[in-house]
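Just follow the structure's listing: the first ligand is 1, and inside any ligand the first atom is 1. Owing to the predicted nature of the structure, the values given are computational and were not obtained by experimental measurement.
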Amino acid sequence: MRRTDTSDHLNLYLIGFMGVGKSSVGRYVARRLDMQFIDSDHAIEEKAGMTIPAIFEQFGEAAFRKMEREFIEGGHPEKGCVVSCGGGLPIEPGMSELLLSKGVVICLFASEKTILERTSANNRRPMLNVEDPVKRARELMARRMPVYMRTGTGISTENRDLPEISEHVVRVYRSVSREFAMKQSN
Ligand code: S3P
């Protein structure tokens, strides 16, 4: 059977705080939609030839945010991708608007408890590699929440398994894509 060509589909950007499951959901959804999966952190690491913790250590957070901006502005295909975005990527001024102009944006949410459990599992995240990571995570969540709340369509991941969350994401993606296409044809 001939597969539908999805290379011209609008990009889907998954945003949300660290530990909400953007990468797992993104990979699953990309398979369901037969689109290419890209993780912004991996793309940046590949381009820089360094890990995220090393980028933060050598060049600092501001340099990393610049790399995120460059990745969104021109470092990935304009169509046909599901992009899982690092938690801080939509936060810098202008970034959430930029994402919304490029495709469908879906923000994943999880409870503070779930996020703290997941992010405490390893120390690969420089933003939380501090003396009191729980306090830091809470501060960041409070600061970022207004942007997450107003950017794209929000979906809760709490008490739902991967297939269920992904089904919901696919449904929202299809419906917002249709609206996007209608607006462009008007
Ligand atoms: C960050 C989140 C990380 C990564 C970097 C900074 C943040 O991505 O981009 O460590 O500022 O929230 P995940 O959200 O995939 O953990």
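Under a 4.0 Å criterion applied to the non-hydrogen atoms of Ile52, ligand 1 contributes the atoms 5 (C), 10 (O). Every atom of ligand 1 with a heavy atom of Arg125 under 4.0 Å away is listed here by number and element: 16 (O). Against a heavy-atom cut-off of under 4.0 Å, Gly86 is close to the following atoms of ligand 1: 8 (O), 9 (O), 14 (O). Heavy-atom proximity to Lys22, at under 4.0 Å, picks out these atoms of ligand 1: 13 (P), 14 (O), 15 (O). Taking every non-hydrogen atom of Met127 and a distance limit under 4.0 Å, the qualifying atoms of ligand 1 come out as 6 (C), 7 (C), 11 (O). Residue contact check: Arg65 has heavy atoms under 4.0 Å from atoms 7 (C), 11 (O) of ligand 1.
Using a 4.0 Å cut-off between heavy atoms, Glu45 makes no contact with ligand 1 at all.
Arg69 places no side-chain N or O within 3.5 Å of a backbone atom of Met95 that could act as its donor or acceptor partner. The closest donor-acceptor contact from the side chain of Arg160 to the backbone of Ser156 lies under 3.5 Å. Within the 3.5 Å criterion, the main-chain N or O of Ile52 finds a donor-acceptor partner in the side chain of Glu45.
The shortest N or O to N or O distance between Gly16 and ligand 1 is not below 3.5 Å.
Interatomic distance, Asp41 CG to Arg124 CZ, rounded to the nearest 0.5 Å: 10.5 Å.
A 4.5 Å side-chain heavy-atom check between Met141 and Tyr148 finds every atom pair outside the cut-off.
The shortest contact between atom 8 (O) of ligand 1 and any protein heavy atom is with Asp41 OD2, 2.8 Å. Nearest protein heavy-atom neighbour of atom 12 (O) of ligand 1: Arg144 NH1, 2.7 Å. Among all non-hydrogen protein atoms, the one lying nearest atom 10 (O) of ligand 1 is Pro126 CD, 3.5 Å.
Counting only non-hydrogen atoms, the option in Gly88, Pro53, Gly26 that gets closest to atom 1 (C) of ligand 1 is Gly88.
Between Glu167 and Arg32 a salt bridge is recorded (basic side-chain N to carboxylate O distance below 4.0 Å).
Of all heavy-atom pairs spanning Leu10 and Tyr173, the tightest one is O-OH, 2.5 Å. The nearest pair of heavy atoms linking Phe17 to Lys22 is O-NZ, 3.6 Å.
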